[in-house]
Amino acid sequence: MLMTSKPMFDLAYDGGFGVGAFNVNNMEITQGIIEACAAEKSPCILQISKGARKYANYRFLRHLILAAVEEYPEVPICIHLDHGDTVDLVKTCINDGFTSVMIDGSHHPYEENIKVTAEAVKVSHAAGVVVEAELGMLGGIEEDVVGLSAEEYEKNIQKFLTDPQQAKDFAKRTGIDSLAVAIGTSHGAYKFKHEAKLAFDRVEEIMKTCPGLPLVMHGSSSVPQEFIDLVNKYGGAMPNAKGVPEDQIAMAVRKYGVCKVNIDTDLRLALTAKIREVFATKPAEFDPRNYLGPGRSAIIEMVKRKLHVLNSAGKADVVIKQWQKLGSPMPGYYSKKCCG
Ligand code: G3H
Ligand code: 13P
Ligand code: ZN
């Protein structure tokens, strides 16, 4: 069932679970995620990044997600724009039926971030769409923004973490529905040079200055060693890859206000590892179904495991009830509701 993330976060905030926000880039990834969510009766957020939009054209991806909604009506699904960079893009996505958007102005100076975020909130809320914004800086690769190496990031980490007082001011002045915070994670497969450790003390402080505000953790892939080993065994070269340990993800969602957990890298890893394995062990194989299929199966198993780490397995029914309790307010179209 298509919905906004509001009923999900209403329950997740102090319900001891988090919602997986998985990046979709093609059909096999989309099917892998949704099959796992259906099997585990879990809500999910399916999100489309800038890279995905460039690669696949977001209309194709949107229709894949709509197919998932049609095929699995029992699964609560939110369609989300990941790292949206302009208000125009936000408007386009609203008109195209997204139920949630992220406006990422974190690379702008603070006042500019407020300005673009407040504008995105204005147009989104007018259409009933919810908004995530970002404050602070993540390491690694972030869309077009040149990322820092794990070493540089770790060395200067205090400078990049989200400031709790600023978060309070930001939330008040923009009216956002959720906030992506920098707490030591980064995008990609090389998140930590030294010890993998999230800044939970910082999360606690942000929760105090912004009570009730759902927090979002980007860069939450765990980079499972079994997949890194498979990639490396079959001709890949991913030395020193390191992700966020699963116990820290579990803690973030069970003990703190982290309601949304973004995962992309791990899906790519599962798909790539399995494709490499097929190519290496069956060199005559040339039917894409016979290498993408095993990749999809690996994604299903990986996502199932994550839904237990996130403690969202079994929460589909209560989320649907909460959505109905809210009156199932499906977003309308920006152009019909707003005059700007
Ligand atoms: O924001 C980071 C995501 O992993 C998306 O990356 O733009 O290469 O698809 P992408
Ligand atoms: P990972 O690179 O850790 O999967 O993070 C993805 C993400 O944050 C997408 O917005
Ligand atoms: Zn991200």
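For ligands, and for the atoms within them, numbers begin at 1 and follow the listed sequence.
- Here is the list of ligand 1 atoms found below 4.0 Å of a heavy atom in A52: 9 (O).
- Every atom of ligand 1 with a heavy atom of S49 under 4.0 Å away is listed here by number and element: 5 (C), 7 (O), 9 (O), 10 (P).
- Every N/O-N/O distance between N23 and ligand 1 stays at or above 3.5 Å.
- Residue R305 qualifies as open at atom CZ: its count of foreign heavy atoms under 6.0 Å is 12 or below.
- For the pair R173 (side chain) and I114 (backbone), a donor-acceptor distance under 3.5 Å is absent.
- Of the polar atoms of D264, at least one N or O is found under 3.5 Å from an N or O of ligand 1, judged by distance alone.
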Side-chain donor/acceptor pairs under 3.5 Å, residues 222-232, sequence neighbours excluded:
| from | atom 1 | to | atom 2 | distance (Å) |
| --- | --- | --- | --- | --- |
| S222 | OG | V244 | O | 3.1 |
| Q225 | NE2 | D229 | OD1 | 2.9 |
| N232 | OD1 | M238 | N | 2.8 |
| N232 | ND2 | I228 | O | 3.4 |

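- A salt bridge links R59 with D96: at least one charged nitrogen is closer than 4.0 Å to a carboxylate oxygen.
- The residue from R268, M102, H218, H187 that puts a heavy atom closest to atom 2 (C) of ligand 1 is H187.
- Within H218, ND1 is the N, O or S atom that lies nearest to the Zn ion (ligand 3).
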What donor-acceptor contacts under 3.5 angstrom involve side-chain atoms of residues 193-203, with partners at least two apart or in another chain?
| from | atom 1 | to | atom 2 | distance (Å) |
| --- | --- | --- | --- | --- |
| H194 | ND1 | E154 | OE1 | 2.9 |
| R202 | NH1 | T162 | O | 2.8 |
| R202 | NH2 | Q158 | OE1 | 3.1 |

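- No close placement of the H107 and H83 rings is indicated, their centers lying 6.0 Å or farther apart.
- Rounded to 10 degrees, the NE2-metal-NE2 angle spanning H187 and H83 at the Zn ion (ligand 3) equals 100°.
- Heavy-atom contacts of H83 reach the following atoms of ligand 1: 1 (O) (cutoff under 4.0 Å).
- With F192 as the aromatic partner, K242 does not meet the cation-pi criteria of under 6.0 angstrom to the ring centre and within 45 degrees of the ring axis.
- Listed by first and then second residue, the ring-ring contact (aromatic ring centres under 6.0 Å, His included) pairs that reach into residues 272-297 are F279-Y291, sequence neighbours excluded.
- Salt-bridge annotation for K50 and D85: present, with a side-chain N of the basic residue lying under 4.0 Å from a carboxylate O of the acidic one.
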Note down each nitrogen or oxygen pair, ligand 2 side and protein side, whose separation is under 3.5 Å; give only atom names and the distance to 0.1 Å.
| from | atom 1 | to | atom 2 | distance (Å) |
| --- | --- | --- | --- | --- |
| ligand 2 | 2 (O) | G188 | N | 2.9 |
| ligand 2 | 2 (O) | T265 | OG1 | 2.6 |
| ligand 2 | 3 (O) | K191 | NZ | 2.5 |
| ligand 2 | 3 (O) | S220 | N | 3.2 |
| ligand 2 | 3 (O) | S221 | N | 3.0 |
| ligand 2 | 3 (O) | S221 | OG | 3.4 |
| ligand 2 | 4 (O) | S221 | OG | 2.6 |
| ligand 2 | 4 (O) | D264 | N | 2.7 |
| ligand 2 | 4 (O) | T265 | N | 2.7 |
| ligand 2 | 4 (O) | T265 | OG1 | 3.4 |
| ligand 2 | 5 (O) | G219 | N | 3.2 |
| ligand 2 | 8 (O) | H187 | NE2 | 3.0 |
| ligand 2 | 8 (O) | H218 | ND1 | 3.4 |
| ligand 2 | 8 (O) | G219 | N | 2.8 |
| ligand 2 | 10 (O) | D82 | OD1 | 3.0 |
| ligand 2 | 10 (O) | D82 | OD2 | 2.7 |
| ligand 2 | 10 (O) | H83 | NE2 | 3.3 |
| ligand 2 | 10 (O) | H218 | ND1 | 3.1 |
| ligand 2 | 10 (O) | N262 | ND2 | 3.0 |

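- A salt bridge does not link K41 to E74: none of the charged side-chain nitrogens sits closer than 4.0 Å to a carboxylate oxygen.
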